[in-house]
There are 4 protein chains.
Amino acid sequence: MALEFHISPGSSTPIYRQIIDQVRKGVVTGSWSEGDQLPSVRALAEQLVINPNTVAHAYAELVRNGVAESKPGKGLFVTKRRQIFSKEERLRRLNEALDQFLGETVFLDFSLDEIQAMLERKRSKIRTISAGKKGGAND
Amino acid sequence: MALEFHISPGSSTPIYRQIIDQVRKGVVTGSWSEGDQLPSVRALAEQLVINPNTVAHAYAELVRNGVAESKPGKGLFVTKRRQIFSKEERLRRLNEALDQFLGETVFLDFSLDEIQAMLERKRSKIRTISAGKKGGAND
Amino acid sequence: MALEFHISPGSSTPIYRQIIDQVRKGVVTGSWSEGDQLPSVRALAEQLVINPNTVAHAYAELVRNGVAESKPGKGLFVTKRRQIFSKEERLRRLNEALDQFLGETVFLDFSLDEIQAMLERKRSKIRTISAGKKGGAND
Amino acid sequence: MALEFHISPGSSTPIYRQIIDQVRKGVVTGSWSEGDQLPSVRALAEQLVINPNTVAHAYAELVRNGVAESKPGKGLFVTKRRQIFSKEERLRRLNEALDQFLGETVFLDFSLDEIQAMLERKRSKIRTISAGKKGGAND
DNA sequence: GTGGTCTAGACCACG
DNA sequence: GTGGTCTAGACCACC
């Protein structure tokens, strides 16, 4: 299972919060399963090009909240999860997110092509990161 | 031009923002044209069963953003469409909206193709009318 | 950076607008720089002896206009200066402001030279710092 | 002297303001001279097909500003301009108008030259109108 | 503690 | 009747 992360460093929501939210969501949706190992603090920090402290901060809270647990000397692992989203639920959420996205951007006068190009570019970055390459994860 | 307003009071997006988005969408798609009068603050508040101040809040932002214009004592009217934001700002906003969208959907495990197909379908429903003088986005 | 706020409650310009203008002026003149924290909503409201909502109203518009940014739970901070408006929009606003100014002063019988001299004197006091990347106005 | 009024009921500037501005402009440009009588409230309201209250409102402000004066039982007459405000009062008003103007435009990133050029252009239009009269009241 | 949103109700300016 | 502003007080999310 590819562990995909996407953060926006420029956002007003703290980076560590973005990490937490994505891990939580990944667990809830079944993208990540019980027992899956999270990337190491240093690895993830390197991938996202952020401070390891930020990752550590996020991981600490995940442990505090019981989403993950630390096996000393081995790493961080996802704890028993509660529920997974059905196909319908996932579609509903995608639909909702798209509606919100369009609502915020229609008046910006971008063409569908421009938007799709930008979306593709961003997605390709995510793929690059989750493919495990170490060199090319630049922004 | 009577146009239906719909709000979801339980949504995470504030009510006043939902109103704004609907008006902007209506303007972009041509449901509302220059000179059309928006429903009065009190009327819309009554219709949506919300506080008039919430509607006023939304209307004030529409005026600030150049979407509508107030004729004192008469009401709010849709203005001639124009793009008030610089190219840079528009790109920044698109970028931000895309980041948020991705943050909320990466964990849903949809492929780029699936998302783009859905995006295309939604866009085709709202035939976008550009604000640019020559049919293109201006700055 | 402590910066004094002054409002005239009796003025025709709304209080929240006076706050906005003072912050913007402070940013333009360099009294406030990127990253500086604005006084809290409640603190400023107490200082000016006005309702916190009025301050919140002003702050919300500063955020919408990209002058400040909210860090959840921490406060409001001045953002990196940028020009969000298109050249067209900025000209439109300048034109509007000039019309209003002339409407209020033509009957005062000042010569163009007198007015320009006074304008120059005032401008020189607030050494304007451009938001443009290359020192000029951008769009 | 034909006292012609033109108002645009559809404009976003209030009708009473349009009336005030036209009288002021008329006085400044010499279209109206000291001692000229303004149309009665009821006559003007009838002519413009607007509410008499609106005209009364405008006239009241003209009197407050010293542009016109009421001779009870006779009507409203254009005052002698020069004796309206003291030098100090005129300076105070100019100062205030300039402050408001700068507050609204500093963040637009226009240079002093650009502003002064635009100001000059606008003023020259006024001069063109008032030319041919007994010269030199302004500029 | 911070800001963000919403409700309730008031007063003003304008027509 | 219209919108614009302000006050008062409430609840929320986030830190």
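All figures in this text were calculated on a predicted structure; none of them were measured in a lab. We name chains A, B, ... by the order of the sequence lines, and we start the count at 1 in each one.
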- Note on the structure: Rounded to whole Å, the CD-P distance (C:Gln37 to E:dG3) equals 7 Å
- Complementary nucleotide for F:dG9 - Watson-Crick or wobble, under 3.5 Å: E:dC6
- Atom pair distance, as rounded to whole Å: CD1 in C:Ile50 and P in F:dA8: 11 Å
- Query: Taking the six-membered ring of D:Phe107, is NZ or CZ of C:Lys25 closer than 6.0 Å to its centre and within 45° of its axis?
  - Reply: no
- Please determine which of D:Arg93, D:Arg92, D:Gln100 meets the side-chain hydrogen bond (donor to acceptor under 3.5 Å, both in side chains) test together with D:Glu96. D:Arg92
- Could you grab the distance from atom CZ of C:Arg24 to atom CD of C:Glu61, nearest 0.5 Å is fine? 7.0 Å
- Is it possible for you to check whether C:Arg90 lies under 6.0 Å from the centre of the six-membered ring of C:Phe85, through NZ or CZ, and within 45° of that ring's axis? no
- Item | Nearest-angstrom distance from the residue atom CD1 of A:Ile20 to P of F:dC14 | 11 Å
- Spacing of C:Leu48 atom CG relative to F:dC6 atom C1', expressed in whole Å: 14 Å
- Query: Between D:Ile19 and D:Leu48, does a side chain to side chain contact (heavy atoms under 4.5 Å, CB included) hold up when you go through it step by step?
  - Reply: CA-CA 10 Å; D:Ile19 295 175; D:Leu48 301 177; 4.3 Å; yes
- Task: Assign each of B:Ser70 and C:Pro52 to its nearest nucleotide of DNA chain F by heavy atoms, then name whichever residue's nucleotide is nearer the 5' end.
- Result: B:Ser70
- Atom-to-atom span, OH of C:Tyr59 to P of E:dT5 - whole angstrom: 16 Å
- Message: If I take atom CD1 in residue B:Ile7 and atom P in nucleotide E:dT5, what distance separates them, rounded to the nearest angstrom?
- Response: 15 Å
- Query: Tell me, for nucleotides 9-15 of chain E in 5' to 3' order, what letter each nucleotide earns: B for a base near a protein heavy atom under 4.0 Å, S for only sugar-phosphate near one, - for neither?
  - Reply: B----BS
- Output the distance between atom CD1 (A:Ile50) and atom OH (A:Tyr16), rounded to the nearest 0.5 Å. 13.0 Å
- Query: In whole Å, what is the span from the CG atom of C:Leu62 to the P atom of E:dG3?
  - Reply: 12 Å
- Message: Expressed as a whole number of angstroms, how long is the span from C:Leu76:CG to F:dC15:P?
- Response: 15 Å
